[in-house]
Amino acid sequence: MKIITELFAAFVMVLTFGILFQAPKKSLWLLGLTGTISWAGFLLSKHLIGNVVIASFIASILVGICGEIFARIMRLPVTVFVIAGIIPLVPGIPAYDTMLFLIKGQYLEGVKTGIDTLMIAGAIALAIAIVGAIPPRIKS
Amino acid sequence: MLTPKQILDIASYAGEIILANGAEIYRTEDTIIRICQAYGIKYVQSLVTPTGIFISIDDGDNISETVVRRIHRRCVNLTKISQVNEFSRKLQKNPMDYATAMKELEKISNDKNEYSLTAVILWISLGSSMNVILMKKSYINIIPALLASLGAQLVVKIDFLKDVNFVPEIVAGFIAGLISLFCYQYGLGDHLSTIIVSSILPFVPGVSLTNAIRDAINGDLISANSRGMEAGLIAISLAIGVALALGVFYT
């Protein structure tokens, strides 16, 4: 039950961020679906592996794959699905925590969460870049 | 047959639209090069940074042209990116004349947003409060997160501060922090930092941070540096705003 609520929350969240980023109206449902799929992947891999960075990496690979497929179905650029799709995964909270720690003068914690932030952001970016590099290779 | 100047006009206008609306560097460069090649230009070089576009073309007969376009304001509008994408695909199939192409780009550039301001504010408040569920905190926190997010969005999106960089983020952090603290103090919600973080989520630069690393992977180092710097400054501004609210409340 809890998991279903979470998946629904991911759906709503990605959909509304699609609205914030002014995504085309016809893409909104598939956007939400991207969010649900990637969050399911995140939960599953976090349960199996227990590492947030690797779970983020796997979930972002799912976002990239969904983006490539849906972009071809709807004839839209892949960015439409990727920018909003990674929202539940992006390390906004650690990034904010880092700055709050640094402002409070807790430098050690600040550096620790800062490194966490960069690791997660790097994992997401790498996953998206890897998925994006594959389709041109298949075509040629 | 278009003159090189006119081709540059079309290509730089298209590039300007998508870059100002949040396209990645490689997509902008790619679009510009494709448009120029659709008109039969053999030699195109484009250098795109988040703050400007440089294009130089040479048609092989000793006629070369260069253009520089400066980008001042940037936002994210995925509809415009997909419209320009469609435009450039159409143009590659069948190169249109100068007036038609410019008119079409003008229309894309001046088009109204897909969603009205009110719709954006209401939906994004709901969406960012959903973060409470994703962070596995109790559902009572959704209400204060929704209120704080709504307050921050209302103040920042409507008032005049929008034109100054980084000030909206400080104000948003301050308002969100204040409303969250107020709710928390009166027993609405049981986890303060979750409420604050959820309510400022639409302002948090997670996407620009991720894009910065993506640019670095693509080899666009200037853009990676400047976007990373922007993300850092936005995070600092938000944290300053929240810290101000916490300070005001506890003294």
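The chains referred to below are lettered A, B, ... by the order of the sequence lines, with proteins before strands, and numbering in each begins at 1. Please read all numbers here as calculations on a predicted model, not as lab measurements.
By number of non-hydrogen pairs under 4.5 angstrom with chain A, the leading residue of B:N211, B:V242, B:I133 is B:I133. Options B:N77, B:N21, B:L209, B:V204 differ in how many heavy-atom pairs under 4.5 Å they form with chain A, and the most are formed by B:N77. Of the residues considered (B:I121, B:N131, B:L238), B:N131 shows the highest number of contacts with chain A, using heavy-atom pairs under 4.5 Å. Contact count against chain A (heavy-atom pairs under 4.5 Å) is highest for B:I124 among B:I124, B:I200, B:V197.
Within residues 216-232 of chain B, the residues that have a heavy atom under 4.5 Å from a heavy atom of chain A are B:I217, B:G232, listed by number.
Residue A:L28 touches chain B through its side chain alone, counting heavy-atom pairs closer than 4.5 Å. Residue B:K136 touches chain A through its side chain alone, counting heavy-atom pairs closer than 4.5 Å. Looking at A:I87, only its side chain comes within 4.5 Å of chain B, counting heavy atoms on both sides. Proximity to chain B is limited to the side chain of A:L43, based on heavy atoms less than 4.5 angstrom apart. Contact of A:V82 with chain B is made through the side chain alone, with heavy-atom distances under 4.5 Å. Heavy atoms closer than 4.5 Å to chain B are found in both the backbone and the side chain of A:I19.
Without hydrogens or angle criteria, A:Q22 side chain to B:E114 main chain gives a donor-acceptor distance under 3.5 Å.
Taking 4.5 Å as the limit, some side-chain heavy atom of B:Y115 sits within range of a side-chain heavy atom of A:K25.
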